[in-house]
Asker: 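Let me begin by handing over the structure; questions about it come next.
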Amino acid sequence: IEDTDRERSTDAAVQAILDGMAWLGLEPDLGPYYQTERMDRYREAAEKLLAEGKAYYAYESKEAIEAMREAAKAKGEKPRYNGYYRDRNEACRDDPNRVIRFKTPREGSVVFEDKVKGRIEIANSELDDLVIFRSDGYPTYNFAVVVDDVDMGITEVIRGDDHVNNTPRQINIYEALGAPVPAFAHLPMILDKDGKKLSKRTNAVSVMDYREQGFLPHAVLNYLVRLGWSHGDQEVFSIDEMQRLFDVGDVHKAASRFDTEKLAWLNQQYLKNDNPKSLVPEFRWHLERAGIDVAAGPDPAAVIVALRERVHTLKEMAERAQIWYAPISEWDAKAVKKHLGSATAPAVLEAAREALQNLPTWAPEPIHEMVREVSEKLELGMGKIAQPLRVAMTGTQVSPSIEDTIYLCGRDTALARIDEALRLAASA
RNA sequence: GCUCCCUUCGUCUAGUGGUUAGGACAUCGCCCUCUCAAGGCGGUAACACGAGUUCGAGUCUCGUAGGGAGCGCCA
């Protein structure tokens with residue numbers, strides 16, 4: 001993290017990264033990020049360049065610099081500083097407002113082999129003499145990153161491709177410092193659904209936003225690794241496979257769009273295939289956030305099993321789980337009319353109530369058997385049995401399989417809800 | 001304006017001169033079915049455009065168009 005912008009809190013930025021990584025299960029290995037603690041190193045590096053004639057003191061007013069830019073623009077070139085003090089180093093040494101500028105080579109070009117973009121060549125004539133130390137005595141980003149990376153022995157720089165244009169400047173600084181130039185890999189940007197830049201206003205940008213939306217860390221990682229990269233036809237990757245198979249060299253050059261629907265699909269794959277017990281902590285987090293008293297209902301692992309094929313996110317799962325942790329808050333009028341108001345409903349509910357009351361073992365399988373037996377006894381199709389019971393249990397006509405729905409209510413609640421449904425049936 | 005980068009189904013991608021251009025998400029249809037799903041089977045759907053090189057081009061070259069990034073005493 002290079003944060004010399006004292007307008008913002010570095011602590012908050014670092015904490016957000018730490019939180020996100022912890023949730024994703026990644027171990028942070030942060031380099032120095034408080035630049036104030038490394039000021040001596042930046043000064044030392046700048047002194048060295050100054051002594052070797054690779055940098056110089058300069059002072060121009062904002063207006064003067066602006067005029068140079070305009071002049072360059074007028075010539076059809078890109079706006080830039082003209083290097084007036086290049087060979088007048090001493091002139092500004094004692095000026096309190098002076099900056100230190102890097103002497104960019106005037107001839108030739110910088111060529112580097114980017115691991116994802118391939119060969120990139122930029123002429124030095126396109127670069128100007130950038131400021132490496134500001135008048136306030138702090139180093140600028142392009143200089144600080146290089147010094148930090150040299151000190152940390154960084155051999156491979158992987159970052160967003162919005163940095164490709166900075167790379168030649170940085171390579172020049174590495175070389176001026178006599179340090180080995182690392183390898184570079186510039187990853188393409190991720191755009192939103194409409195191909196626009198991801199923005200905090202309209203998109204989820206922080207990994208923690210995805211947690212709130214009910215996605216699993218593993219699913220987020222899996223989705224992200226597949227964005228701009230692939231390994232044959234494989235879609236689902238374990239962490240171990242990601243580490244083993246991923247290679248920056250295989251990353252696509254073009255930007256990609258973030259498709260929440262595919263993330264949702266992947267999330268469900270993990271919901272369905274992971275051990276339900278391992279999902280409980282994250283699910284519990286969502287239940288509590290939804291204001292649900294987990295102690296008032298069934299084992300969350302059993303709820304996961306009942307709902308995992310029916311939802312795409314844990315947030316949705318927590319919402320749908322409500323019916324087993326709290327009283328039915330609202331009866332769907334259409335459902336009541338259609339399934340409780342039918343001629344056969346009372347008999348079905350009575351029969352089921354009695355069978356449930358006498359069921360020796362309270363488990364999905366016996367309950368399923370019971371429903372089947374009632375169906376045979378009353379000579380009614382499964383739909384005529386299951387739907388009234390479903391409305392009785394949930395107040396709606398949509399829920400998991402009828403045996404799971406009844407089982408998760410628990411015997412007492414199930415019987416009470418049938419009684420309530422019986423009353424509704426009588427007045428319907 | 002200047003410089004750099006990018007361009008295969010709606011989306012994520014496979015493809016490195018000869019393929020019926022493959023897979024996945026989404027979508028549509030059918031099957032299964034106690035609702036909703038999940039699952040199974042099948043369908044629609046792409047090489048931005050134009051020149052060239054070549055016996056042959058999604059694959060190589062050039063150009064055009066479109067998109068993105070950068071051009072600070074921000075990072």
Side-chain angles (χ1 to χ4, degrees), chain A residues 1-5 7-8 13 58-60 62 65-66 69 72-81 97-101 114 116-118 120-123 125-128 130-142 144-145 160-169 186 188-189 191 193 195-197 223 226-236 252-266 268 271-272 307-312 320 335 339 368 371-372 375 380-391 394 396-403 405:
Chain A
I1 300 171
E2 291 302 333
D3 196 356
T4 54
D5 184 350
E7 301 289 305
R8 266 191 334 227
Y59 174 74
E60 271 95 4
K62 275 184 182 158
I65 293 175
E66 195 46 42
R69 295 217 168 86
K73 238 171 151 176
K75 283 196 287 181
E77 295 170 352
K78 68 168 66 170
R80 63 187 163 208
Y81 173 70
N97 291 317
R98 57 106 173 94
V99 298
I100 300 175
R101 283 186 184 268
D114 191 279
V116 348
K117 304 280 183 185
I120 293 178
E121 172 169 4
I122 294 177
S125 58
E126 293 299 329
L127 278 19
D128 63 1
L130 70 156
V131 171
I132 57 176
F133 256 81
R134 305 196 286 243
S135 55
D136 66 2
Y138 283 89
T140 57
Y141 164 76
N142 278 111
V145 243
D161 68 6
D162 48 340
H163 281 287
V164 292
N165 291 283
N166 282 328
T167 307
R169 301 173 196 289
H186 287 98
M189 308 258 94
L191 278 15
K193 199 172 174 46
K196 298 287 177 209
K197 210 165 145 185
Y223 179 73
R226 269 288 285 111
L227 210 52
W229 175 85
S230 66
H231 180 73
D233 288 340
Q234 192 170 343
E235 295 288 348
V236 179
H252 260 39
K253 295 180 180 184
S256 49
R257 300 183 188 206
F258 198 101
D259 181 8
T260 310
E261 301 215 351
K262 187 151 183 179
L263 205 212
W265 173 80
L266 254 180
Q268 189 185 47
L271 247 25
K272 286 195 312 181
L307 286 171
R308 61 184 174 181
E309 289 179 356
R310 298 172 161 78
V311 298
H312 288 96
R320 306 257 305 248
H339 299 293
H368 176 78
V371 174
R372 212 183 47 74
S375 160
L380 290 168
M382 287 292 274
K384 287 280 183 199
I385 310 297
Q387 282 307 79
L389 282 170
R390 193 177 326 268
V391 176
T394 69
T396 71
Q397 35 190 337
V398 177
S399 84
S401 70
I402 193 60
E403 61 266 27
T405 302

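Remember, it's a predicted structure, so these values are computed and weren't measured experimentally. Just so we're on the same page: letters track the sequence lines, and every chain starts at 1.
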Asker: Given B:C73, B:C36, B:C4, identify the nucleotide with an atom nearest to the side chain of A:Ile120.
Answerer: B:C4

Asker: The side chain of A:Trp265 is closest to which nucleotide in this list: B:U8, B:C12, B:A26?
Answerer: B:A26

Asker: Could you tell me the separation between the CG atom of A:Leu227 and the NZ atom of A:Lys262, rounded to the nearest 0.5 Å?
Answerer: 9.5 Å

Asker: Rounded to the nearest 0.5 Å, how far does NZ of A:Lys117 lie from NZ of A:Lys253?
Answerer: 8.0 Å

Asker: Could you check whether the side chain of A:Lys262 and the base of B:A24 have a donor-acceptor pair of N or O atoms closer than 3.5 Å, going by distance alone?
Answerer: yes

Asker: Which nucleotide, B:C6, B:C73, B:C34, lies nearest any side-chain atom of A:His368?
Answerer: B:C34

Asker: Using the test ring-ring contact (aromatic ring centres under 6.0 Å, His included), find all partners of A:His163 that sit at least two apart in sequence or belong to another chain.
Answerer: A:Tyr141

Asker: Quick check on B:C6: is either OP1 or OP2 less than 4.0 Å from any side-chain nitrogen or oxygen of A:Lys253?
Answerer: yes

Asker: In the structure shown, which nucleotide is the Watson-Crick or G-U wobble counterpart of B:U64, with both distances under 3.5 Å?
Answerer: B:A48

Asker: Among B:A24, B:C73, B:A38, which is the nearest nucleotide to the side chain of A:His312?
Answerer: B:A38

Asker: Reckon A:Ser256 touches a base, only the sugar-phosphate, or nothing at all at heavy-atom distances under 4.0 Å?
Answerer: sugar-phosphate

Asker: If B:U27 has a Watson-Crick or G-U wobble mate with both distances under 3.5 Å, name it; if not, just say none.
Answerer: B:G43

Asker: Could you tell me whether A:Lys73 contacts a base, only the sugar-phosphate backbone, or nothing, with contacts defined as non-hydrogen atoms closer than 4.0 Å?
Answerer: nothing

Asker: Mind checking if A:Glu235 touches a base, just sugar-phosphate, or nothing, with heavy atoms under 4.0 Å?
Answerer: base

Asker: Is any side-chain N or O of A:Arg69 closer than 4.0 Å to OP1 or OP2 of B:G72?
Answerer: yes

Asker: Could you tell me if the side chain of A:Glu403 sits less than 4.5 Å from the side chain of A:Val371, heavy atoms only?
Answerer: no

Asker: Look at all strands and tell whether A:Glu261 reaches a base, only sugar-phosphate, or nothing, counting heavy atoms closer than 4.0 Å.
Answerer: sugar-phosphate

Asker: Measure from the side-chain heavy atoms of A:Ala254 and tell me the nearest of B:C6, B:U35, B:A38.
Answerer: B:C6

Asker: Using purine N1 to pyrimidine N3 plus N6-O4 or O6-N4 for Watson-Crick, or N1-O2 and O6-N3 for G-U wobble, each under 3.5 Å, what pairs with B:U53?
Answerer: none

Asker: Tell me what A:Val131 touches on the nucleic acid: a base, only sugar-phosphate, or nothing, going by heavy atoms under 4.0 Å.
Answerer: sugar-phosphate

Asker: If you measure from the C1' atom in B:U20 to the same atom in B:A46, how many Å do you get, rounded?
Answerer: 15 Å

Asker: Determine whether any donor atom in the side chain of A:Glu403 lies under 3.5 Å from an acceptor atom in the base of B:C34, or the reverse, and answer yes or no.
Answerer: yes

Asker: Would you kindly compare A:Pro400 and A:His231 by the position of their nearest RNA chain B nucleotide and give the one closer to the 5′ end?
Answerer: A:His231

Asker: Between B:G10 and B:A45, how far is it from one C1' atom to the other, in whole Å?
Answerer: 9 Å

Asker: Using purine N1 to pyrimidine N3 plus N6-O4 or O6-N4 for Watson-Crick, or N1-O2 and O6-N3 for G-U wobble, each under 3.5 Å, what pairs with B:U19?
Answerer: none

Asker: Choosing from B:C71, B:C34, B:U13, which nucleotide comes nearest the side chain of A:Ala386?
Answerer: B:C34

Asker: With sugar-phosphate meaning primed atoms plus P, OP1 and OP2, does A:Asn142 contact a base, only sugar-phosphate, or nothing at under 4.0 Å between heavy atoms?
Answerer: base

Asker: Which nucleotide in the set B:C34, B:C74, B:U3 lies at the smallest distance from any side-chain heavy atom of A:Ile402?
Answerer: B:C34

Asker: Can you name the atoms? Protein N/O to nucleotides 60-69 of chain B N/O, anything below 3.5 Å, with the distance.
Answerer:
residue	atom	partner	partner atom	Å
B:A69	O2'	A:Asp162	O	3.4

Asker: Is the closest side-chain donor-acceptor distance between A:Ser399 and A:Thr405 under 3.5 Å?
Answerer: yes

Asker: Report yes if the side chains of A:His186 and A:Thr167 come closer than 4.5 Å at any heavy-atom pair, otherwise no.
Answerer: yes

Asker: Select base, sugar-phosphate, or nothing to describe what A:Thr396 touches, counting heavy atoms under 4.0 Å on all strands.
Answerer: nothing

Asker: Using a cut-off of less than 4.0 Å, is there contact between a side-chain N or O of A:His252 and OP1 or OP2 of B:A14?
Answerer: yes

Asker: Do A:Val131 and A:Tyr81 have side chains that get closer than 4.5 Å, going by heavy atoms?
Answerer: no

Asker: B:C73, OP1 or OP2 - any side-chain N/O from A:Arg101 closer than 4.0 Å?
Answerer: yes

Asker: Where the side chain of A:Lys78 is defined as all heavy atoms beyond and including C-beta, which of B:U3, B:G22, B:C25 is the nearest nucleotide?
Answerer: B:U3

Asker: For B:U59 and B:G42, measure between their P atoms and round to the nearest Å.
Answerer: 31 Å

Asker: Would you say A:Lys62 places a side-chain N or O within less than 4.0 Å of OP1 or OP2 belonging to B:G72?
Answerer: no

Asker: Tell me whether the side-chain N/O atoms of A:Arg226 come closer than 4.0 Å to OP1 or OP2 in B:C25.
Answerer: no

Asker: Students often get this wrong, so: under 4.0 angstrom with heavy atoms, is A:Lys272 touching a base, only sugar-phosphate, or nothing?
Answerer: sugar-phosphate

Asker: Is the shortest heavy-atom distance from the side chain of A:Ile132 to the side chain of A:Asn142 under 4.5 Å?
Answerer: no

Asker: How is A:Gln268 classified with respect to the nucleic acid when contacts are heavy atoms under 4.0 Å: base, sugar-phosphate, or nothing?
Answerer: sugar-phosphate

Asker: Work out how far the P atom of B:C12 is from that of B:G68, and round it to whole angstrom.
Answerer: 15 Å

Asker: Counting only Watson-Crick pairs (N1-N3 plus N6-O4 or O6-N4) and G-U wobbles (N1-O2, O6-N3), all under 3.5 Å, who is the partner of B:C2?
Answerer: B:G70

Asker: Could you tell me how far B:U27 sits from B:G18 if I compare only their P atoms? Round to whole Å.
Answerer: 35 Å

Asker: Check every atom of B:C74, B:C12, B:A26 against the side chain of A:Thr140 and return the nucleotide holding the closest atom.
Answerer: B:C74

Asker: Start with the C-alpha distance between A:Arg80 and A:Glu126, add both sets of side-chain angles, then the distance that settles side chain to side chain contact (heavy atoms under 4.5 Å, CB included), and finish with yes or no.
Answerer: CA-CA 9 Å; A:Arg80 63 187 163 208; A:Glu126 293 299 329; 4.3 Å; yes

Asker: Respond yes when some side-chain nitrogen or oxygen of A:Ser401 is under 4.0 Å from OP1 or OP2 of B:C34, and no when none is.
Answerer: no

Asker: Which nucleotide in the list B:C25, B:U13, B:C36 gets nearest to the side chain of A:Ser230?
Answerer: B:U13

